[in-house]
Amino acid sequence: MKSPVSDLAPSDGEEGSDRTPLLQRAPRAETGDLPNPGIKPVSAVSPELAAPVCCSARYNLAFLSFFGFFVLYSLRVNLSVALVDMVDSNTTAKDNRTSYECAEHSAPIKVLHNQTGKKYRWDAETQGWILGSFFYGYIITQIPGGYVASRSGGKLLLGFGIFATAIFTLFTPLAADFGVGALVALRALEGLGEGVTYPAMHAMWSSWAPPLERSKLLSISYAGAQLGTVVSLPLSGVICYYMNWTYVFYFFGIVGIIWFILWICLVSDTPETHKTITPYEKEYILSSLKNQLSSQKSVPWIPMLKSLPLWAIVVAHFSYNWTFYTLLTLLPTYMKEVLRFNIQENGFLSAVPYLGCWLCMILSGQAADNLRARWNFSTLWVRRVFSLIGMIGPAIFLVAAGFIGCDYSLAVAFLTISTTLGGFCSSGFSINHLDIAPSYAGILLGITNTFATIPGMIGPIIARSLTPENTIGEWQTVFCIAAAINVFGAIFFTLFAKGFALFASRIKLSSLSPHQDSCLVSERTRGAGSPSRARRRALRRARLPCDALPAALRVHPEHGRGLYSEQRLGAAV
C-alpha cells in the first residue's frame, strides 16, 4: 500500500476529525508560548529525537503498570487453582460430572504431593459462591474509581487498590479457617480493591499517552493481565504440589507489596509532576494532548450517558467479556471433564491460550499505531477493524472447537487461536474511551466495565446450567451462545463507534492563526466532513495541514454547516 502524501488531507471521511497532528506537521510555536522559553520547539524536532522510546518516562510507566496488572491477575486467579487443593476430595466426589464421550488419552502422572495444607468440606455450590464473590465487590467500585481518578489522579488509587488486594490475599488462609462467610467477605473486599484499577489506569493514560502512541502504550500496560494468568495458573499448581496451598497466597501477596513500593517511588500522575522526565518528552506529551483535554471541571454525566458511541463500547465490552470470563472460569473444567486431560496437562494447556493473547496484545498495539501514524489510517477505522478481528475471529474458532468432537489437538489449537485473536480488542474498543473523551476516560471505563463485569457473574452460572452432563453437545450450545454474543457486540460497535473527542474543551476561534483560519474557510464552503479540492488548495496555500488545527475545531461529518460558529462549537464537541 502506498503511503498517502503527507501534505494532503486524508481520504477517510472522518480522518480529519479524529487524527492528532504529527510532530513534524505541527505549526511552529512562538518562543513565548512554550512552558520553558529555553527549550527548542518540539515541532522543529523529529519525533524520535524529541521523545525517544528508550528510557522514556511514558514507557517506564507502561512497563511498571504491565507488572502491576501481572500482579493483579495473579492475585485474582490464584484461588481458582488453590481451591482444588483446599477442598476435601471426598466432598467433591459426588459432584464428579466427567463425560466419557472422549477416551482418556493419557495416564495420570505420579507426583509427590505435599498434603500438609488444611482441607475443607465445601461442596460445589459453596465453591461457586467463594469464586463468584470477587465480582460482587469488583462491580461496585468501577464508576467511583473512575470519578476519583479523574479528579485527584490515578497513581495512588491504582497503587493502593493493588496493595489492598495483596494484603487481603495474605489473610486468605486465616479467613478460610474462620469459615466460608469470612472467605467470601474477604474475596469481595479484594474485588473492591481491584475494581478501581482499570479506571485509574485509564485516567492516568489520559494525561500520559500521546494520541498516536495510545495503542502501543495501553496494550503493553494491560497485557500484564494476560501474562499474569499464564504464569500464575501453572505456578500456583506447582506451589500447591510441592509446598501447600497456603504458600500460593503468601507468595503472590508479597510480590504485590514489592510492586506497590516501586510504583509509589517511580511513578507520577502527570508529566508535569514527574521528577526525571526530559524537557523534550514533557513538551511532546503536553503539546500532543493540549487540545484534547477538557478544562471543564464538572463531569458532563447526561451528555455522556446519552452518547451512542459510549454505549457502543459498553455493548462490545459486555460481549467480549462474556466469552472471556466463560473460558477463564470453565476452560479447565472443559479440559478435564470433556477432553479428559490430567491435572498436570490441564494446568499447562489452560494457560497456553492466554500466552497467545498476551503476544497478540503487544503486537496489535504496535500495528495499530503504525497504521495511524505511518499509513494515515483514521482512528475510527483502526478501532473498528481491530474490534472485528478480536471478536468475530474468536467466535468462529470457538464454535469450531465445539464441533470437532474429541480431536484433542484441534480442540486445543482452536481454543488457543480463539483466545489469541481476542488480543486485537486491546487496540479496538478497549481503548476507545480515550479517543472519544480523554478527560473522562477513567469514568467511561468505569461505566463500561461495570456492565462488562456482569458476564463474570452470570456467564459461568448459565454455562454450568447448560452442561449438566458435560457432553460435547451441551458444550456446543455454550460455545455458540458466546460466539453469537461476540458477533452482535462487534457489529454494534462497528455501526455506532466514533474515533474523535466528543467532549473536548471549548476553543475560541479568535485564538486561531490566519493560516488555520484559511483552512476553516475552505471547510465552511464545503459544509461537510469529506475532503475537498478547496480544502487541499487551502492547505497548500497555508503550507500547513488542517490536521494541525485543534481537534475540537476540525470538521465532523455529522455536524454539517455552521460547525465553526462559536455558538455551536460547545455543543458540537
Side-chain angles (χ1 to χ4, degrees), residues 1 10 12-15 17-20 62 198 202 205 209-226 309-324 353-354 356-398 416-438 441 444-445 448-449 452 483 485-501:
M1 178 177 178
D12 193 301
E14 290 202 35
E15 181 74 22
S17 64
D18 62 15
R19 295 277 297 163
T20 302
Y198 276 95
H202 249 48
W205 282 126
L212 291 180
E213 294 185 19
R214 279 176 184 158
S215 302
K216 294 178 185 176
L217 292 169
L218 272 77
S219 63
I220 292 173
S221 178
Y222 295 137
Q226 307 302 324
L310 171 61
W311 290 103
I313 304 175
V314 169
V315 172
H317 204 166
F318 178 96
S319 303
Y320 175 84
N321 272 18
W322 186 283
T323 301
F324 177 79
Y354 299 100
C357 187
W358 171 69
L359 291 171
C360 185
M361 288 178 70
I362 298 294
L363 296 176
S364 65
Q366 303 295 315
D369 280 343
N370 282 335
L371 287 172
R372 297 168 65 220
R374 296 187 180 181
W375 295 97
N376 232 23
F377 284 95
S378 71
T379 301
L380 180 58
W381 186 92
V382 170
R383 301 291 180 248
R384 282 172 171 171
V385 170
F386 278 61
S387 295
L388 286 171
I389 297 173
M391 298 182 75
I392 293 182
I396 294 172
F397 284 97
L398 191 61
T416 299
I417 295 172
S418 176
T419 307
T420 297
L421 290 176
F424 278 94
C425 288
S426 65
S427 298
F429 73 84
S430 292
I431 60 175
N432 193 224
H433 317 75
L434 282 162
D435 299 321
I436 66 173
L444 295 192
L445 182 63
T448 65
N449 214 17
I485 292 174
N486 245 21
V487 171
F488 172 77
I491 294 173
F492 193 92
F493 180 81
T494 301
L495 292 176
F496 301 111
K498 297 296 179 185
F500 51 80

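Please read these numbers as outputs of a predicted model, since none were measured by experiment.
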Heavy-atom pair with the smallest gap, counting every atom of [X] and [Y]:
X	Y	value
Tyr320	Cys357	OH-SG, 4.5 Å
Leu217	Pro210	CD1-CD, 4.0 Å
Ser215	Arg383	OG-NH1, 3.1 Å
Cys425	Ser430	O-OG, 3.0 Å
Ile436	Pro438	C-CD, 4.0 Å
Ala368	Val382	CB-CG1, 3.7 Å

Would you say the side-chain atoms of [X] pair up with the backbone N or O of [Y], donor to acceptor, closer than 3.5 Å?
X	Y	result
Asn449	Leu445	no
Ser418	Pro394	yes
Ser427	Phe424	no

*Is the ring centre of Phe429 less than 6.0 Å from the ring centre of Phe386?*
no
_Using side-chain hydrogen bond (donor to acceptor under 3.5 Å, both in side chains), reason through Arg384 and Thr379 one step at a time and then give a plain yes or no._
CA-CA 9 Å; Arg384 282 172 171 171; Thr379 301; over 6 Å; no
[atom2] on [Y] to [atom1] on [X], rounded to 0.5 Å:
X	Y	atom1	atom2	value
Thr419	Phe397	OG1	CZ	11.5 Å
Gln226	Tyr354	CD	OH	7.5 Å
His202	Ser221	NE2	OG	9.5 Å
Ile491	Leu388	CD1	CG	8.5 Å

_Presence of salt bridge, Lys498 and Asp435, under 4.0 angstrom_ = no
Answer yes or no: is there a side-chain heavy-atom contact under 4.5 Å between [X] and [Y]?
X	Y	result
Asn432	Phe493	yes
Leu218	Leu434	yes
Ile392	Asn486	no
Ser426	Ser364	yes
Val315	Phe496	no
Leu398	Thr323	yes
Met391	Leu421	no
Leu444	Ile313	no

*Please report the C-alpha distance between Met361 and Ile220 in whole Å, then the side-chain angles of each, then the deciding distance to 0.1 Å, and finally whether the side chain to side chain contact (heavy atoms under 4.5 Å, CB included) criterion is met.*
CA-CA 7 Å; Met361 288 178 70; Ile220 292 173; over 6 Å; no
_In terms of relative ring orientation, are Trp322 and Phe318 parallel, tilted or perpendicular, with 30° and 60° separating the classes?_
tilted
*asked:* Does the plane of the ring in His317 sit parallel, tilted or perpendicular to the ring in His433? Use 30° and 60° as the thresholds.
replied: perpendicular
